[in-house]
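Beneath this line is the structure, given in structure tokens, with notes to follow.
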Amino acid sequence: MQSYDFQGIESKWQAAWRSNPKLAFDPQNLDNAFYNLVMFPYPSGSRLHIGHWFNYSGIDIFGRFKKMQGFNVFQPLGYDSFGLPAENFAIKTNIAPQDSTAKNIKIMNEQIDGIGGMFEDKYRMITSSPEYYKWTQWLFLKLHKAGLAFQKEALVNWDPVDQTVIANEQILPDGTAERSGAMVEKKMMKQWFFKITDYAEDLLDFSELNWPAKTITMQKNWIGKSQGTVINFAGENFEIECFTTRIDTVFGVEYVVLAPEHPLLKTIVPESHMDQVSEYQNQTALKSEIDRSSTELEKTGLFTGAYVTNPLNGKKVPVWTADYVIYTYGTGAVMGVPAHDARDFIFANKYKLAISQVIQSDSDLPVLEHGTLINSDKYNGLNTSEAITAISADLKAMNKGELQTTYRLRDWSVGRQRYWGCPIPIVYDPEGQVVPIPEEHLPWELPTDVDYKPTGVPPLGSSKQLQANVEKIFGPGYRAEFDTLDAFVCSSFYLNRYANHADPSQLATEEQMQKLIPVDLYMGGAEHACMHLLYVRFIHKFLRDQGLFTCNEPVKRLIHQGIITKDGAKMSKSKGNVVNPDDYVNKFGADVFRMYMMFQGPFTEGGDFSDEGIIGVLRFRDKLLRFYENPKELDATKESDYKRELNSLLEKSIKDYENFQFNTVMAACMEFYNFIAKHGAEQNGLESLIQILAPLAPHLAEHAWHELLGKTESIFLSQFQEVDKSALVSNTCVYAIQVNGKMRASLEFDTAAEKESIIANVSQRPEIAKYLEGKEVVKTIFVPGKIVSFVVKG
RNA sequence: GCCUGGAUGGCGGAACUGGUAGACGCGCAAGACUUAAAAUCUUGUUCCUUCGGGAGUCCGGGUUCGAUUCCCGGUCCAGGUACCA
């Protein structure tokens with residue numbers, strides 16, 4: 001064999017593909033379109049790592065497979081380029097995020113080209129470009145007009161040294177800020193939100209999704225619908241609204257607990273307790289929500305000095321504050337029922353609070369199960385669900401509460417006190433009132449004369465450009481919104497923009513919205529299950545309600561690629577375990593590396609990276625090339641075996657490609673090769689094998705297709721051979737013979753053989769007869785084509 | 001903590017709706033070719049064994065003629081946990 005010049009061959013075909021219009025997406029022919037979308041990357045400063053490579057090879061394999069099934073494949077890849085890392089880099093180096101991002105994109109583009117993917121260069125859009133973020137702002141304005149973009153007070157992570165809001169990611173496990181080292185606090189600030197909770201019910205309808213079941217389960221739990229009751233406990237001149245799913249235990253209430261952030265604490269705490277409560281609030285501000293909800297950590301809490309009255313039995317109970325109550329869930333206040341709630345029980349024991357049982361049971365407290373009410377006046381004898389109905393109805397009649405559905409889902413906080421994000425298209429008039437920026441002024445550009453370093457004011461506050469622009473358009477006394485948008489907003493609608501990204505006049509054409517959406521296949525990491533993938537659905541449903549779409553979901557089929565770890569951990573620069581794919585691509589070529597990555601295991605599971613075994617794929621490539629250069633003729637006596645092997649290769653591979661089981665496609669190709677290497681092949685087998693391999697090893701396949709099989713048109717314009725089902729039928733089958741569930745023999749029979757004759761034959765065989773001798777056969781199980789199983793006694 | 005997954009030879013993994021566990025590849029061993037090595041090819045390779053068999057898919061139970069697969073309980077690992085995206 002001549003040595004295979006993979007570098008020359010790969011770059012030759014990459015160029016040929018790029019200049020072949022038949023291989024490109026045809027925007028005029030959307031009826032036959034297959035929208036094959038992969039989640040776009042963040043252009044970080046480090047090069048593509050193995051995980052990216054795995055991901056983009058995977059989408060490309062599927063796209064090429066669809067291309068070979070005759071679809072007009074649309075496979076764009078852009079950049080989600082707003083975000084924290086470029087800003088942190090700017091703070092450190094004073095290099096503008098615009099510049100570092102452009103540089104990173106250039107490098108990543110080159111690396112992506114090296115994969116040999118059929119990504120559409122023409123559609124490589126970038127979310128931080130004004131042409132793109134004009135539409136992010138357009139979306140914001142639409143949401144604002146619909147009343148779904150609003151401001152409210154919310155807790156943020158506050159770095160008291162840098163005088164800035166910081167991301168969760170920037171906080172170290174000990175609660176200090178990564179950059180400044182200060183102890184991070186929680187602080188209330190006015191923030192922009194999108195009202196995703198209005199769509200909670202709609203988002204719980206998963207009926208049109210061909211998504212992994214686990215993703216749907218995660219979203220369902222994330223939204224967390226729960227039916228319960230709100231109940232008002234009255235104090236001297238205030239009311240505390242509590243949410244509970246167990247209003248049947250209301251006669252067991254011994255105290256009421258407010259989350260430490262609860263605004264009522266400001267007003268209800270008597271002077272005598274104020275200092276202690278403030279101190280407790282400060283303590284809590286230092287804890288993370290994960291720590292707070294842990295059942296392992298000891299519960300803490302504090303009596304506030306206030307009392308409220310239970311509206312159902314008139315009992316006066318103390319008001320506490322405790323950090324196991326989360327402000328953002330329910331009403332931020334709970335009723336304490338120590339006898340029937342595990343956390344309340346621990347809490348009451350620790351603080352020596354009373355415990356009264358109101359659900360009948362013989363077991364020890366706390367009794368968490370549903371049951372019959374006791375010590376509950378007129379509700380005694382009712383069961384839990386009857387009592388919930390009756391008590392809720394009575395509360396409603398008293399105007400002290402009612403049945404209510406609560407969701408765990410919170411509104412989407414979209415405001416960021418950062419520079420490197422999409423500017424929020426809002427200004428404030430001289431009275432401080434919100435004024436949306438009219439659409440004709442979009443894109444509302446991000447200024448460049450800013451101080452990236454944290455100074456106590458958001459970076460946009462330092463821009464003279466921005467202020468001048470505001471005054472020019474709106475007049476003196478107006479001020480810009482300094483917050484920018486969460487990068488998740490940019491990625492919540494990008495799928496609609498790719499096809500039309502060069503057209504400034506509309507988000508997408510009518511035809512594109514009708515025919516490209518929903519996306520046929522969307523691929524991305526499972527880590528996006530609850531946030532990005534929920535935001536995309538929310539925004540789609542909103543745009544549908546605005547009349548842009550008729551379909552209910554943005555994405556038909558979803559696939560998660562597995563995570564490629566190194567030494568058991570997710571690759572990250574900070575862990576120093578990033579594997580660079582370039583070394584392998586340079587050494588073995590893109591095809592071998594693609595095949596190797598896919599052969600390693602199921603695509604949807606990923607795994608720990610190791611290069612042990614890449615040699616096997618390299619050997620396979622070379623063996624294959626040698627065989628194609630000098631093919632062996634089919635041994636005539638193996639004709640029917642050959643047909644069976646070939647057709648089972650076709651059938652299995654096409655099914656496995658469809659299910660993203662690329663590892664077994666590779667195995668099937670190797671198996672078929674092993675067969676033909678031994679017994680020879682005909683032209684149809686040589687062509688089919690190279691076609692099946694083409695999505696995995698596109699350059700190699702194209703090379704062999706032209707140079708070794710003499711074809712003149714691209715292999716990606718060819719189609720797979722039809723499966724001949726009749727060739728798959730064998731005239732014998734092997735039965736596993738079991739006695740009492742243990743395998744004792746495997747015997748071959750004619751496919752047409754009758755059950756009775758097989759059983760009779762089997763029981764005569766010496767290797768089976770010795771186990772049946774002197775025993776009574778109680779039962780014989782016969783599974784056609786598979787199993788004969790004897791159950792014996794004695 | 002909570003939500004969601006995962007665990008199969010020395011290693012990566014395969015196994016249709018409960019039906020012969022270990023396909024395919026790596027590694028390893030032996031052999032062929034070679035002065036030798038590399039490359040290539042052939043054969044073998046879950047473990048134990050008194051060679052009859054026995055054990056075996058994270059651990060402990062259960063359902064079944066039969067469980068990697070279904071059910072209950074646990075261990076460990078991973079992802080997410082709302083301002084990384």
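Chain letters run A, B, ... following the sequence lines, proteins first and then strands; every chain starts at 1.
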Pull out every protein N or O sitting under 3.5 Å from an N or O of nucleotides 54-58 of chain B, one pair per line with the distance.
residue: B/rG54; atom: OP2; partner: A/Arg744; partner atom: NH1; Å: 3.4

### Message
Students often mix this up, so state it plainly: with edges at 30° and 60°, are the rings of A/Phe675 and A/His679 parallel, tilted or perpendicular?
### Response
tilted

### Query
Can you check the A/His560 NE2 to B/rA78 C1' distance for me, whole Å?
15 Å

### Task
Can you tell me, in whole Å, how much space there is between the P of B/rA82 and that of B/rA7?
28 Å

Got a list of side-chain donor-acceptor pairs under 3.5 Å for residues 488-495 of chain A, not counting sequence neighbours?
residue: A/Ser491; atom: OG; partner: A/Phe488; partner atom: O; Å: 3.2
residue: A/Ser492; atom: OG; partner: A/Val489; partner atom: O; Å: 2.6
residue: A/Tyr494; atom: OH; partner: A/Tyr522; partner atom: OH; Å: 2.6

### Task
Kindly indicate whether the side chain of A/Tyr735, heavy atoms from C-beta on, has any atom under 4.5 Å from the side chain of A/Val762.
no

Just the atom pairs and distances: protein N or O near nucleotides 15-20 of chain B's N or O, under 3.5 Å.
residue: B/rG19; atom: N2; partner: A/Gln738; partner atom: OE1; Å: 2.9

#### Entry: Euclidean distance, atom CD1 of residue A/Ile564 to atom P of B/rG79 [Å, nearest integer]
13 Å

## Note on the structure
From the candidates B/rC65, B/rC24, B/rC26, the one with an atom nearest any side-chain atom of A/Met670 is B/rC24

### Summary
When every non-hydrogen atom of A/Leu624 is compared with those of A/Leu689, the smallest separation belongs to CD1-CD2, 3.7 Å

### Query
Which value, in whole Å, describes the distance between the C1' atoms of nucleotides B/rG5 and B/rA21?
24 Å

### Task
Using the test salt bridge (charged side-chain N to carboxylate O under 4.0 Å, His left out), find all partners of A/Arg765 that sit at least two apart in sequence or belong to another chain.
none

### Task
Please measure how far the P atom in B/rC58 lies from the corresponding atom in B/rC16, and state the result in whole Å.
16 Å

Please tabulate the protein-to-nucleotide N/O contacts below 3.5 Å involving nucleotides 81-85 of chain B, giving atom names and distances.
residue: B/rA82; atom: O5'; partner: A/Asn168; partner atom: ND2; Å: 3.3
residue: B/rA82; atom: N6; partner: A/Arg408; partner atom: O; Å: 2.9
residue: B/rA82; atom: N1; partner: A/Arg410; partner atom: N; Å: 3.0
residue: B/rC83; atom: OP2; partner: A/Arg416; partner atom: NH2; Å: 3.3
residue: B/rC83; atom: O4'; partner: A/Arg416; partner atom: NE; Å: 3.3
residue: B/rC83; atom: O4'; partner: A/Arg416; partner atom: NH2; Å: 3.3
residue: B/rC83; atom: O3'; partner: A/Asn168; partner atom: N; Å: 3.3
residue: B/rC83; atom: O2'; partner: A/Asn168; partner atom: N; Å: 2.7
residue: B/rC83; atom: O2'; partner: A/Asn168; partner atom: OD1; Å: 3.4
residue: B/rC83; atom: O2; partner: A/Arg418; partner atom: NH1; Å: 3.2
residue: B/rC83; atom: O2; partner: A/Arg418; partner atom: NH2; Å: 2.8
residue: B/rC83; atom: N4; partner: A/Gln191; partner atom: OE1; Å: 3.0
residue: B/rC83; atom: N4; partner: A/Gly415; partner atom: O; Å: 3.4
residue: B/rC83; atom: N4; partner: A/Gln417; partner atom: OE1; Å: 3.1
residue: B/rC84; atom: OP2; partner: A/Asn168; partner atom: N; Å: 3.2
residue: B/rC84; atom: OP2; partner: A/Glu169; partner atom: N; Å: 2.5
residue: B/rC84; atom: O4'; partner: A/Glu169; partner atom: OE1; Å: 3.0
residue: B/rA85; atom: O3'; partner: A/Asp80; partner atom: OD2; Å: 2.2

### Query
Side chain of A/Ser81, backbone of A/Ser128: donor and acceptor closer than 3.5 Å?
yes

### Message
Other residues, nucleotides and ligands only: do more than 12 of their heavy atoms fall within 6.0 Å of NZ on A/Lys632?
### Response
yes

### Task
Could you measure between the two P atoms, the one in B/rG27 and the one in B/rU34, and give it in whole Å?
24 Å

## Note on the structure
Rounded to whole Å, the CZ-P distance (A/Phe588 to B/rC26) equals 13 Å

### Query
Should B/rG9 be called syn or anti, with syn set as within 90° of 0?
syn

### Message
Treating A/Asn157 as the side-chain partner and A/Ile166 as the backbone partner, does any N or O pair qualify as donor plus acceptor under 3.5 Å?
### Response
yes

### Query
B/rG25 phosphate, OP1 or OP2: any side-chain N/O from A/Arg619 under 4.0 angstrom?
no

### Query
Would you say A/Thr664's side chain and A/Gln661's backbone share a donor-acceptor pair under 3.5 angstrom?
yes

### Query
Hey, does the side chain of A/Asn674 come within less than 4.0 Å of B/rA23's phosphate (OP1/OP2), counting only N and O?
no

### Task
Using the C1' atoms only, state how far B/rC77 lies from B/rC71, rounded to an integer number of Å.
24 Å

### Message
Nearest whole Å is fine: how far is B/rG1 C1' from A/Tyr329 OH?
### Response
16 Å

### Query
How far, in whole Å, is B/rC72 from B/rU64 if one measures between their C1' atoms?
16 Å

### Query
Can you tell me how far C1' in B/rU45 sits from the matching atom in B/rA23, rounded to whole Å?
15 Å

### Message
Surrounding NZ of A/Lys92 (heavy atoms of other residues, nucleotides or ligands, distance under 6.0 Å), is the total greater than 12?
### Response
no

### Counterpart residues, salt bridge (charged side-chain N to carboxylate O under 4.0 Å, His left out), relative to A/Arg408 (two or more places apart)
none

### Task
Inspect the surroundings of NZ in A/Lys220 and state if more than 12 heavy atoms from other residues, nucleotides or ligands are less than 6.0 Å away.
no

### Query
Rounded to whole angstroms, how far apart are OH on A/Tyr673 and C1' on B/rA23?
18 Å

### Task
Dump the intermediate steps for salt bridge (charged side-chain N to carboxylate O under 4.0 Å, His left out) on A/Arg594 and A/Asp591, then the final yes or no.
CA-CA 5 Å; A/Arg594 278 170 75 124; A/Asp591 287 327; 5.2 Å; no

### Query
Can you check whether A/Leu728's main-chain N or O pairs, donor with acceptor, with A/Asn647's side chain at less than 3.5 Å?
no

### Query
When you compare B/rA85 with B/rU68, how far apart are their C1' atoms, in angstrom units rounded to a whole number?
36 Å

Dump the pairs, protein N or O against N or O of nucleotides 4-6 of chain B, anything under 3.5 Å, distances to one decimal.
residue: B/rU4; atom: OP1; partner: A/Asn221; partner atom: ND2; Å: 3.2

### Task
Take the protein atom CD1 of A/Ile615 and the nucleotide atom C1' of B/rC11, then report the distance between them rounded to whole Å.
16 Å

#### Entry: Residues which pass salt bridge (charged side-chain N to carboxylate O under 4.0 Å, His left out) with A/Lys779, listed by chain and number, not counting sequence neighbours
none

### Message
Give me each pair satisfying side chain to side chain donor-acceptor pair (under 3.5 Å) with a member in residues 48-58 of chain A, each pair once, sequence neighbours excluded.
### Response
A/Asn55-A/Gln561

### Message
ring pair (Phe, Tyr, Trp, His ring centres under 6.0 Å) for A/Phe660 and A/Phe662? Distances and angles first, verdict last.
### Response
CA-CA 6 Å; A/Phe660 290 82; A/Phe662 306 142; 5.5 Å; yes

## Note on the structure
Stems with RNA chain B, 3 or more Watson-Crick or G-U pairs in a row (under 3.5 Å), are B:1-7 with B:75-81, B:10-12 with B:24-26, B:27-32 with B:40-45, B:46-48 with B:53-55, B:58-62 with B:70-74

### Message
Using a 4.0 Å cut-off on heavy atoms, which residues in residues 593-600 of chain A reach RNA chain B? List them by number, or say none.
### Response
A/Phe599, A/Gln600

## Note on the structure
With syn defined as a glycosidic angle within 90 degrees of 0 and anti as anything else, the base of B/rG52 is syn

### Message
Test of understanding: with side-chain hydrogen bond (donor to acceptor under 3.5 Å, both in side chains), list the residues that count as partners of A/Arg537, not counting sequence neighbours.
### Response
A/Gln219, A/Glu553

### Message
Could you tell me if the side chain of A/Phe6 sits less than 4.5 Å from the side chain of A/Leu700, heavy atoms only?
### Response
no

### Task
Look up atom OG in A/Ser44 and atom OH in A/Tyr79, then write down how far apart they are to the nearest 0.5 Å.
10.5 Å

